[in-house]
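What follows is a set of notes on a single structure, which appears directly below.
Reckoned from all heavy atoms, side chains included, excluding hydrogens, waters and symmetry mates. These numbers were taken from a predicted model, which means no experiment stands behind them.
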Amino acid sequence: MQDNPFQPDAARDERPEFTRDELGLANRNSGALLELLSCDITPTGTHYLLNHFDVPVIAPDQHSLTLEGAFHAPYSLTLAEIMAQPQITRPVTMECAGNGRAGMDPRPLSMPWIYEAIGTSEWTGTPLAPLMTRAGPKDSVQDFAFIGADFGYDKGVPHHYGRSLTPAELAELDVMLVWGMNGAPLLPQHGAPLRLIVPGWYGMASVKWLTKIAALESRYTGFQQVETYRFRAHDDDPGTPVNRIHVKSLMKPPGLPDWFTRARMLEAGRVTLEGRAWSGAGVPIARVEVLLDGEWHEAELTGRADTYAWTGWRADWEATPGAHDLACRATDAEGNTQPLVAGYNTGGFANNVVQRVRVHVA
Ligand SMILES: Nc1nc2c(c(=O)[nH]1)N[C@H]1C(S)=C(S)[C@@H](COP(=O)(O)O)O[C@H]1N2
Ligand SMILES: [Mo]
């Protein structure tokens with residue numbers, strides 16, 4: 001390598017406008033390391049984290065799951081009884097609905113994700129449906145509320161973290177109760193000893209530290225269901241619910257990084273770019289394109305492990321000396337594709353704008 005484009009590092013003199021509270025959230029809620037997009041399964045410690053309140057530590061032998069409310073035969077199960085159910089393991093790609101929030105203008109104040117609230121894990125557990133059937137939901141049920149053990153305040157409202165699914169949603173989603181992640185017991189920060197996984201939906205639906213399932217004869221009005229996770233154009237907009245993941249792709253940043261800016265340095269010549277693409281609700285990826293020297297080129301898809309796992313892609317590039325802005329764009333089998341310019345909603349949800357990667361070629 002010759003000329004060093006990272007010296008002097010002008011960016012270090014800038015003082016961006018992120019607040020101390022955002023920084024605190026960013027330190028608690030770590031994200032994926034983009035270089036590990038080369039792994040089919042995200043190494044467990046680098047799967048992103050999003051915890052609203054404090055992580056509850058629950059001893060496995062103290063945990064139980066209660067099905068209550070409008071069931072004909074409500075019951076409770078210990079963790080051991082749940083783990084004795086038929087066991088399945090599935091790779092599922094999970095993404096936080098707030099991923100990309102920091103790229104919106106104006107930036108909504110919350111966890112300031114850029115691109116990294118993403119991960120694919122092999123989740124071990126049991127399908128939820130048979131356990132629901134066994135409790136016999138009444139015909140009058142309108143919502144099932146899934147309640148976590150964690151408790152705290154948001155906008156002054158004290159609540160357990162909770163989310164709901166309607167009977168129709170539950171019927172079409174492959175919801176799992178899980179106790180294992182990548183062949184090991186679930187870690188406290190990922191919801192131990194028991195969490196929900198709602199494949200194909202943004203992460204907020206996958207309730208951690210699950211202790212209660214309530215069958216309701218009215219709609220669930222918990223804070224995390226009605227106050228947030230809605231696409232609102234402005235504060236008075238009732239909005240629409242955030243649910244399935246929007247199509248997206250990411251590139252493993254090529255070459256070598258600058259420590260501070262993460263800008264990339266690489267040698268001229270052939271470079272194989274690679275990354276991952278995914279969409280929601282099990283919809284496959286139809287194509288990925290990469291922006292090379294101002295033109296979109298088709299990338300090769302390298303397949304996915306399962307219906308709800310991301311797809312690999314790669315593309316060759318003849319890198320010529322100078323500065324380049326690379327980008328990648330996925331399109332799913334329903335024709336949904338990624339925008340070139342970020343949209344806006346007050347919560348900063350589902351920003352699937354194409355990723356830009358600045359590279360310097362020697
Ligand atoms: N009980 C509970 N469940 C929760 C959350 C939470 O704060 N409490 N965060 C949700 C959100 S917003 C996301 S994106 C995922 C993150 O799961 P992970 O931290 O295991 O990646 O968990 C979801 N389930
Ligand atoms: Mo999230």
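- Across every non-hydrogen atom of Glu267 and Val361, the tightest pair is C-CG1, 3.8 Å.
- Not one N or O on the side chain of Glu172 forms a donor-acceptor pair closer than 3.5 Å with the backbone of Ala168.
- Side-chain contact check for Arg101 versus Met111: some heavy-atom pair is nearer than 4.5 Å.
- In the model, Trp278 has a side-chain atom that pairs as donor or acceptor with a side-chain atom of Glu95 under 3.5 Å.
- A donor-acceptor contact shorter than 3.5 Å links the side chain of Arg304 to the backbone of Thr307.
- The main-chain N or O of Gln224 is never found under 3.5 Å from a side-chain atom of Glu227 such that the two would form a donor-acceptor pair.
- Side-chain contact, Thr89 with Thr124: a donor N or O sits under 3.5 Å from an acceptor N or O.
- Cluster annotation: Leu292 is connected to Val357 through the hydrophobic network of ILVMFWY side chains, with a link wherever side-chain heavy atoms come within less than 4.5 Å.
- Taking 4.5 Å as the limit, some side-chain heavy atom of Met132 sits within range of a side-chain heavy atom of Phe71.
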Before you tell me yes or no, could you show the steps for Leu291 and Leu326 under side chain to side chain contact (heavy atoms under 4.5 Å, CB included), namely the whole-Å CA-CA distance, both residues' side-chain angles and the distance that decides it to 0.1 Å?
CA-CA 6 Å; Leu291 184 65; Leu326 308 179; over 6 Å; no
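- Between atom CG of residue Leu65 and atom CD1 of residue Ile213 there is a gap of 4.5 Å, rounded to the nearest 0.5 Å.
- Side chain of Thr261 to main chain of Ala263: a donor-acceptor pair is present (N/O by atom type, distance under 3.5 Å, no hydrogens or angles).
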In sequence, state the C-alpha distance, the side-chain angles, and the governing distance for Val271 and Val359, and then conclude on side chain to side chain contact (heavy atoms under 4.5 Å, CB included).
CA-CA 12 Å; Val271 181; Val359 303; over 6 Å; no
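- Classification of Glu289 and Arg287 as a salt-bridged pair holds, one side-chain N sitting under 4.0 Å from a carboxylate O.
- Under the 4.5 Å side-chain contact rule for hydrophobic residues, Val178 and Ile82 do not share a cluster.
- Distance alone, capped at 3.5 Å, is enough to place a donor-acceptor pair between the Thr337 side chain and the Ala330 backbone.
- Test Phe223, Tyr153, Tyr220 against His159 for ring-ring contact (aromatic ring centres under 6.0 Å, His included) and you get one pass: Phe223.
- In this structure Tyr229 satisfies the side-chain hydrogen bond (donor to acceptor under 3.5 Å, both in side chains) test together with His52, sequence neighbours excluded.
- The shortest heavy-atom contact between Ser76 and Thr66 is OG-OG1, 3.0 Å.
- Under the 4.5 Å side-chain heavy-atom criterion for Ile, Leu, Val, Met, Phe, Trp and Tyr, Ile245 and Val242 are members of the same hydrophobic cluster.
- Residues Tyr161 and Val207 have side chains in contact (heavy-atom distance under 4.5 Å, counting atoms from C-beta outward).
- For Asn27, the CG atom counts as densely surrounded, since its 6.0 Å shell holds more than 12 non-hydrogen atoms of other residues, nucleotides or ligands.
- Between the side chain of Arg232 and the backbone N or O of Pro238, at least one donor-acceptor pair lies under 3.5 Å.
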Using atom types as modelled, flag every donor-acceptor pair under 3.5 Å from a side chain in residues 184-200 to any protein atom, sequence neighbours excluded.
unit_1: Arg195; atom_1: NH1; unit_2: His190; atom_2: O; d: 3.1
unit_1: Arg195; atom_1: NH2; unit_2: Ser206; atom_2: O; d: 3.0

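- What you find for Lys248 and Asn99 is that their closest heavy atoms are NZ-ND2, 3.5 Å.
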Worked check of salt bridge (Lys or Arg N to Asp or Glu O under 4.0 Å) between Asp325 and Arg356:
CA-CA 6 Å; Asp325 284 309; Arg356 305 273 171 181; over 6 Å; no
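- No donor-acceptor pair closer than 3.5 Å links the side chain of Arg276 to the backbone N or O of Thr311.
- For Trp209 and His63, the ring centers are positioned 6.0 Å apart or more.
- We find the CG-OG1 distance between Asp40 and Thr120 to be 8.5 Å, quoted to the nearest 0.5 Å.
- Looking at Pro56 and Phe151, their side chains never come closer than 4.5 Å, going by heavy atoms from C-beta outward.
- One finds the CG atom of Leu34 at 10.5 Å from the CD1 atom of Ile118 (value rounded to the nearest 0.5 Å).
- There is a side-chain donor-acceptor pair under 3.5 Å between Ser140 and Glu217.
- Cation-pi check for Arg163 over Phe144 is not met; the charged atom does not lie both under 6.0 angstrom from the ring centroid and within 45 degrees of its normal.
- A distance-only check finds no donor-acceptor pair linking the side chain of Asp258 to the backbone of Arg262 [under 3.5 Å].
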Check the pair Tyr202 / Cys96 against side chain to side chain contact (heavy atoms under 4.5 Å, CB included), numbers first and verdict last.
CA-CA 6 Å; Tyr202 281 114; Cys96 180; over 6 Å; no
Test Glu35 against Lys252 for salt bridge (Lys or Arg N to Asp or Glu O under 4.0 Å), laying out the working first.
CA-CA 5 Å; Glu35 62 272 31; Lys252 171 185 167 178; over 6 Å; no
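- For the pair Leu340 and Arg329, the tightest heavy-atom approach, listed with the atom from each and the gap, is CD2-NH1, 4.0 Å.
- Listed by chain and residue number, Asp143 satisfy the side-chain hydrogen bond (donor to acceptor under 3.5 Å, both in side chains) test with Arg219 (two or more places apart in sequence, or in another chain).
- Using a 4.0 Å cut-off between a side-chain N of Lys or Arg and a carboxylate O of Asp or Glu, Lys212 and Glu68 qualify as a salt bridge.
- Note on Arg90 versus Asp174: salt bridge recorded, some NZ/NE/NH1/NH2 to OD/OE distance being below 4.0 Å.
- Remark: aromatic rings of Phe231 and His246 are close, center separation under 6.0 Å.
- Interatomic distance, CH2 of Trp179 versus CG of Leu210, reported as 12.5 Å (0.5 Å rounding).
- In this model, no donor atom of one side chain and acceptor atom of the other lie less than 3.5 Å apart for Gln142 and Thr166.
- When all heavy atoms of Leu250 and Cys328 are compared, the pair lying nearest together is C-SG, 3.8 Å.
- In this structure, the side chain of Gln225 does not engage the main chain of Gly222 through any donor-acceptor pair within 3.5 Å.
- The closest side-chain heavy-atom distance from Trp317 to Asp293 is below 4.5 Å.
- Looking only at side-chain heavy atoms (C-beta outward), Gln338 and Ser249 come within less than 4.5 Å of each other.
- With a 4.5 Å cut-off on side-chain heavy atoms, Val175 and Pro127 do not count as touching.
- At a threshold of 4.0 Å, the pair Glu334-Arg244 counts as salt-bridged, since one of the basic side-chain nitrogens sits closer than that to a carboxylate oxygen.
- The CZ atom of Phe146 sits 8.0 Å away from the CG atom of Leu177 when rounded to the nearest 0.5 Å.
- Between the side chain of Asn352 and the main chain of Val247, a donor-acceptor pair closer than 3.5 Å is present.
- Listed here is the closest heavy atom pair of Trp313 and Met251: CZ2-CA, 3.8 Å.
- You'll find the side chain of Ile285 reaches within 4.5 Å of the side chain of Ser279, heavy atoms only.
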Does the side chain to side chain contact (heavy atoms under 4.5 Å, CB included) test come out yes or no for Leu36 and Thr42, once each step is laid out?
CA-CA 7 Å; Leu36 298 183; Thr42 307; 5.8 Å; no
